Amino acid sequence: MFRNAFQHRFVTVFSSGGSKSLAIWDVHTKNGHARRVTDEHTRSLAFELTGVNVATTFMVAPCAPCPSLSIKLPFLVMLVKNMKKFFSFEIQILDDRQSLRRLRFSNYQSVTRVNNFSTFLPLSLSPSWGQIQINLADFTRKAYGTNYVETVRLQIHANVRIKCIYFCDQLYTNDETPPELRLFQPIRPNRIMELKKQQKPPKIPHEPIETVRPPTPVDSADVTNLLENELATAQCAAGTEV
């Protein structure tokens with residue numbers, strides 16, 4: 001499928017946000033479903049593959065009648081979400097002895113087993129979204145003592161949510177990876193300014209202000225009468241004591 005394509009740095013085989021995300025895939029479901037949903041954590045589209053039986057609900061690339069993906073890039077990267085259920089996937093590769101080898105990863109086994117043409121490996125996933133990075137050349141060399149040539153087939157089984165699957169020539173940092181291949185899309189500078197404008201300053205509660213009531217104005221004549229009355233009362237009291 002990609003044999004005659006220019007394979008440089010990144011080759012994307014699945015993107016949940018694309019208009020034709022399943023163009024090279026065949027999907028098989030039995031007692032399950034395969035659908036595109038909006039994930040609450042990434043707030044973007046993701047492809048959900050769930051089923052009662054892991055073996056009967058899966059997606060495989062390439063779709064018929066193409067026989068091989070023919071991808072020569074040695075690193076496989078998958079952006080997936082742990083659904084806290086059984087999940088597995090397998091990769092069929094071709095080595096320099098012209099032998100087809102199968103690497104099968106699953107989260108329900110804990111022991112690595114290597115056969116003549118198949119290798120079974122345990123898989124540990126992060127609690128939510130995470131990135132699976134596989135060095136296919138290194139696995140082929142350690143398991144079979146041969147050299148990796150190309151990836152022939154890729155099969156993803158339930159239960160999982162997938163955002164993106166791609167191959168690359170080496171592992172890149174998040175800043176070096178194209179935005180469409182990242183788990184979280186970078187925020188545009190103008191969007192950052194919009195978010196800052198939307199943030200309102202915190203309201204400061206109004207404290208009660210203490211006020212002093214001014215004295216009631218008194219007329220000067222009333223003051224004079226008041227003093228005269230007080231003086232007369234004082235004299236009467238003095239005369240009584242004598």
Side-chain angles (χ1 to χ4, degrees), residues 1-15 22-28 34 47 49 51 53-80 82 85-126 130-160 162-172 181:
M1 177 169 287
F2 291 95
R3 187 176 303 279
N4 297 325
F6 180 62
Q7 301 183 24
H8 176 65
R9 297 189 67 185
F10 302 96
V11 173
T12 305
V13 295
F14 180 82
S15 177
L22 297 173
I24 66 171
W25 295 81
D26 279 334
V27 180
H28 303 268
F47 188 74
L49 193 65
N53 190 344
V54 175
T56 58
T57 302
F58 61 92
M59 53 191 289
V60 57
C63 57
C66 187
S68 173
L69 285 171
S70 303
I71 297 178
K72 299 183 180 299
L73 302 181
F75 288 90
L76 172 64
V77 180
M78 303 170 56
L79 304 182
V80 299
N82 184 5
K85 297 179 181 180
F86 288 161
F87 163 62
S88 70
F89 66 94
E90 62 180 55
I91 313 152
Q92 191 177 50
I93 62 173
L94 180 70
D95 64 10
D96 57 356
R97 294 182 184 175
Q98 298 301 306
S99 297
L100 292 175
R101 316 285 188 179
R102 186 179 65 166
L103 305 177
R104 184 179 179 89
F105 297 82
S106 63
N107 64 352
Y108 48 82
Q109 64 181 37
S110 58
V111 180
T112 300
R113 294 185 292 114
V114 180
N115 299 331
N116 291 334
F117 299 101
S118 300
T119 301
F120 301 88
L121 301 112
L123 178 66
S124 178
L125 297 175
S126 57
Q131 190 178 73
I132 300 175
Q133 301 174 342
I134 301 175
N135 187 339
L136 299 173
D138 185 59
F139 272 106
T140 306
R141 184 172 55 254
K142 290 181 178 179
Y144 301 105
T146 58
N147 296 319
Y148 169 83
V149 174
E150 65 182 24
T151 297
V152 176
R153 186 182 179 93
L154 180 60
Q155 189 164 313
I156 314 296
H157 290 258
N159 296 272
V160 69
I162 310 169
K163 181 176 176 61
C164 184
I165 303 174
Y166 64 91
F167 290 82
C168 53
D169 58 348
Q170 65 180 33
L171 294 179
Y172 293 92
L181 301 181

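None of the values given here were measured: they were computed from a predicted structure.
Put simply, the side chain of W25 never gets that close to the backbone of Q155: no donor and acceptor are under 3.5 Å apart. Under a 3.5 Å cut-off, the side chain of D26 and the backbone N or O of A61 do not form any donor-acceptor pair. One N or O on the side chain of D95 and one on the backbone of R97 form a donor-acceptor pair closer than 3.5 Å.
Between F10 and Y172, the ring center distance clears the sub-6.0 Å criterion. Between F75 and F167, the gap from one ring centroid to the other reaches at least 6.0 Å.
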* Asked: Does the side-chain contact (heavy atoms from CB on, under 4.5 Å) test come out yes or no for I134 and I91, once each step is laid out?
  -> CA-CA 10 Å; I134 301 175; I91 313 152; 4.0 Å; yes
* To do: Take L103 and L136, measure what side-chain contact (heavy atoms from CB on, under 4.5 Å) needs, and give me the verdict at the end.
  => CA-CA 9 Å; L103 305 177; L136 299 173; 4.1 Å; yes
* Show the numbers, then the answer: is there a side-chain contact (heavy atoms from CB on, under 4.5 Å) between M1 and S70? => CA-CA 6 Å; M1 177 169 287; S70 303; 6.0 Å; no
* Carefully, step by step, assess F87 and L123 under the rule side-chain contact (heavy atoms from CB on, under 4.5 Å). => CA-CA 9 Å; F87 163 62; L123 178 66; 3.7 Å; yes
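Around CG of N4, the count of heavy atoms belonging to other residues, nucleotides or ligands within 6.0 Å does not exceed 12.
What you find for L79 and L181 is that their closest heavy atoms are CD1-O, 3.3 Å. The two atoms that bring P67 and P62 nearest to each other are C-CG, 4.2 Å, heavy atoms only. Among all heavy-atom pairs drawn from G51 and T57, the shortest one is CA-OG1, 3.8 Å. In this structure, A158 and V54 approach most closely via the heavy-atom pair O-CG1, 3.3 Å. Between I156 and L49 the shortest heavy-atom distance is O-CD2, 3.4 Å. The minimum heavy-atom distance linking C168 with L73 is given by the pair O-CB, 3.5 Å.
Distance check, rounded to the nearest 0.5 Å: NZ of K142 to CG of N135 gives 8.5 Å. With rounding to the nearest 0.5 angstrom, the CE atom of M78 is 11.0 Å from the CD atom of Q131. Distance check, rounded to the nearest 0.5 Å: NZ of K163 to CZ of F47 gives 14.5 Å. In this structure, CG on N82 lies 6.5 Å from OG on S126, to the nearest 0.5 angstrom. From I162, atom CD1 reaches atom CD1 of I132 across 9.5 Å, with rounding to the nearest 0.5 Å. In this structure, the separation between CG on L94 and CD on E150 is 5.5 Å, given to the nearest 0.5 Å.
With a 4.5 Å cut-off on side-chain heavy atoms, V27 and L22 count as touching. Inter-residue side-chain proximity for R141 and T146 is flagged as unmet; no heavy-atom pair is nearer than 4.5 Å. Within the 4.5 Å cutoff, side-chain heavy atoms of L154 are placed close to those of L76. Within the 4.5 Å cutoff, no side-chain heavy atoms of K72 are placed close to those of Y148. Here the side chains of V80 and I165 are not in contact, with every heavy-atom distance at 4.5 Å or above. Contact check for L121 versus R104: no side-chain heavy atoms found under the 4.5 Å cut-off. Side-chain contact between Q7 and F2 is present, with at least one heavy-atom pair separated by less than 4.5 Å. No side-chain heavy atom of I93 sits less than 4.5 Å from a side-chain heavy atom of V149.
Using modelled atom types, one finds no donor on one side chain facing an acceptor on the other under 3.5 Å when comparing E90 with Q92. For the residue pair Y166/S15, the side-chain donor-acceptor check at 3.5 Å is not satisfied.
Taking the six-membered ring where tryptophan is involved, the planes of F58 and H157 are tilted, since the angle between them lies from 30° to 60°.
For the pair R113 and F120, the cation-pi criterion (under 6.0 Å, within 45° of the ring axis) is fulfilled. Remark: R101 is positioned above the aromatic ring of Y144, its terminal NZ or CZ atom under 6.0 angstrom from the ring centre and at most 45 degrees off the axis.
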